[in-house]
Amino acid sequence: MKLFASATARMEICAYIDATGTFDPFSAVATGVLLSQLVWVRCEGNVDAALRSADHLLQAGGFGVVALDLGGISIRILRRIPSSFWYRYRRVIEHTPTILVILGREIVTRSCASLQLKLRPEKTLWVARGGGSGLFRGLSFELLRVKPMRQGTVSLIASPRLS
Amino acid sequence: MYACIHSTTVPDGVSLKTRTRVLLECARGFAPTAELTNPGTVVFSIAGLGLLYGPLEIIAQIIADRVERAGIRASIAIAHNADAAILIASCTSGFEVVRPNETAVRLSKLDIRLLPLSPEAMETLVLWGIRTLGQFANLPEDGVAQRLGQEAVRWQRLARGAVVRPLIEVHPDGIFIEKLELDYPIEVLDGLVFAIGRILTSLCNRLVKAGLAADEMIVSLGLEGAEYQQTVRLPLPLDSSKPLLRIVRFELEKHPPQAAICAISISLHTVIPRRVQFGLFIPASPEPAKLELTLARLRAMVGEGNVGVPQLIDSNHPQPFHLVPFSTPQIEEIREERNRPLVLAIRYCTPPIQSILIFKEGTPERLITGKTIRRVTDAAGPWRLSGDWWNADSWDREEWDLGLANGMVCRVAHIGNEWFLEGFYD
């Protein structure tokens, strides 16, 4: 979302391909994303449609960031996506300023990605309250750079938006 | 120099509207802007046409030929200002070229009734014995101003051929229509698209000549015993037939006609094309025609309501947003993104997953989703929400944020008598 926020602030048009309908525009606005610059494509669980949508958007050109969110897709299906898709995407954008971000439960792009990051939840932050119920204050993540490989991790803390 | 095409008679079978459209199209074949002075009179600048066609007489002849080919009988006048050309064209036949030094002499012989005078002023002038523009032009300007008012001074300058003004650009009625009656019914999509392509090419040529673009297209097909109509709204106005044809093809593939096609009619709603001023430091964006085509492809693939721009609704509803069709955003000032703190996004489960939440002493203990049982380690809630109780879309729910034993945090909602897993914080 931070990537979208900075791209839309530069008045770039971005696209979010939502394979399973997980996107929350309210959280995006809280992060600073300018929604008028964002094309949202909902694929209702159809992975094939999501992959083809990404292809069409990349072929159209001119987008700042295109995100393909496969986070709600099971690992078994993700592993069955042919590598030819990732090579094709790479070829389309390699001499353009467009950034393609692929989100998933595991890294599926194999050698095609120039940057691979792994985000692991580290701990949840709760504030204890009387009566057994607490207040959710945020999540801390461990960010690991897989490619190009770098030793060590970075810790990030994110808080929920206020309704 | 200006040329005026003036047509007083409407040929049989041609409506006044059609005649006006044809006259404007003829004018726009020579100049980018044309003024429609009245439904039968069009005036436009011919500056620079001399380099292309030669002397003024030849230009007048070419204009006359073009008007004749369009099936309209009209007189054409060329003069050094628009009003002189209009006045001369209204009282000549064929074509006439009046050079700047001859304008005053030529106008002086014209009838005074050609001037757009008020009835009172006309009556006064007739009483004074003024019959021609020359007689009116020779009257002392101060006296005319005193007796007939300031407006009469402008009329007098018109009579002398001395008014120089910019043309008032007009746009046609906003709809371009073309129809095609087929000799034999078409049953195959490729054949239909080919025929539509021909119509769209002609329509887009007219659009380009008029300096316009289409923001809405209505495809009407005459079927054997039925009618078929499809309206396509284009967020980005287009004037090229290629993307329009592709969009029509997507629509026809999505909603195929149920019988053979006997007639085709396409109408384009015209608007002034959107001009965007780009700058060196403004990032490139997708080409409008390409983007529109891509969005049409995506709509055909994932459904009409699944492609667009998210828009927030001013409501306390748990999902306060909807999708609206994409339109090119106005380029605002590029701003620096502030260093905001990281915000947790919620990843919705679409549709929400029906679950069972087991409580122990008023606190959630286990969450059962399908065959998975998860232990709840932390919980925040309940957050009770309701709204829209005054209409049919009322909602009433109770939300909990649950920390699960596997380290994930999810949101569950109690709606009616059931629990739903709404999403995960990520």
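In what follows, chains are A, B, ... by sequence order, proteins preceding strands, each numbered from 1. Reckoned from all heavy atoms, side chains included, excluding hydrogens, waters and symmetry mates.
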Worksheet item: Hey, mind stepping through A/F23 and B/I346 against side-chain contact (heavy atoms from CB on, under 4.5 Å) and telling me if it holds?
Response: CA-CA 8 Å; A/F23 181 59; B/I346 188 156; over 6 Å; no
Discussion item. For a side-chain contact (heavy atoms from CB on, under 4.5 Å) check, start with the C-alpha distance between B/V302 and A/N46, then their side-chain angles and the critical distance, and finish with the verdict.
Written reply: CA-CA 9 Å; B/V302 297; A/N46 186 341; over 6 Å; no
Item to complete: Assess whether side-chain contact (heavy atoms from CB on, under 4.5 Å) is satisfied between A/F26 and B/I313, documenting all intermediate values.
Response: CA-CA 10 Å; A/F26 204 87; B/I313 307 163; over 6 Å; no
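At a heavy-atom cut-off of under 4.5 Å, chain B is reached by A/G71, A/G72 from residues 70-94 of chain A, listed in order of number. The interface of residues 246-256 of chain B with chain A, defined by heavy-atom distances below 4.5 Å, is empty.
Comparing A/P25, A/A15, A/G21 by how many heavy-atom pairs each has under 4.5 Å with chain B, the most go to A/P25. For the options B/T377, B/L312, B/L295, heavy-atom pairs under 4.5 Å to chain A are most numerous at B/L312. Interface remark: of the candidates A/E44, A/K123, A/E122, A/E44 forms the most heavy-atom pairs closer than 4.5 Å to chain B. Counting heavy-atom pairs closer than 4.5 Å to chain A, the top-ranked of the candidates B/D378, B/L298, B/L402 is B/D378.
Around atom CH2 of B/W390, more than 12 heavy atoms belonging to other residues, nucleotides or ligands sit under 6.0 Å away.
With sequence neighbours left out, B/D396 forms a salt bridge (charged side-chain N to carboxylate O under 4.0 Å, His left out) with no residue at all. Scanning for ring pair (Phe, Tyr, Trp, His ring centres under 6.0 Å) contacts around A/F4 gives A/Y16, with sequence neighbours left out.
Looking at A/S53, both its backbone and its side chain come within 4.5 Å of chain B, counting heavy atoms on both sides. Residue A/D69 touches chain B through its side chain alone, counting heavy-atom pairs closer than 4.5 Å.
Residue B/D426 comes nearest to A/F141 through the heavy atom pair C-CZ, 3.9 Å, listed as atom of the first residue, atom of the second, then distance. Nearest heavy-atom pair, B/K290 versus A/Q59, reported as atom, atom and distance to 0.1 Å: NZ-O, 4.2 Å.
Inter-residue side-chain proximity for B/T294 and A/F63 is flagged as unmet; no heavy-atom pair is nearer than 4.5 Å. Between A/W40 and B/F321, the closest side-chain pair of non-hydrogen atoms falls below 4.5 Å. Within the 4.5 Å cutoff, the side chain of A/R42 has heavy atoms near those of the B/L323 side chain. Within the 4.5 Å cutoff, no side-chain heavy atoms of B/Y425 are placed close to those of A/T124. Within the 4.5 Å cutoff, side-chain heavy atoms of B/V409 are placed close to those of A/W126. Residues B/L344 and A/F136 form a side-chain contact, since some pair of their non-hydrogen atoms from C-beta on lies under 4.5 Å apart. Using a 4.5 Å cut-off on side-chain heavy atoms (C-beta onward), A/T22 and B/T350 make no contact.
The structure places CE of B/M301 at 8.0 Å from CG of A/D48, a figure rounded to the nearest 0.5 Å. B/Y348 contributes atom OH, which lies 12.0 Å from atom CG of A/D18 (distance to the nearest 0.5 angstrom).
Although no hydrogens or angles enter the test, the distance criterion places no donor-acceptor pair under 3.5 Å between the side chain of B/R297 and the main chain of A/L57.
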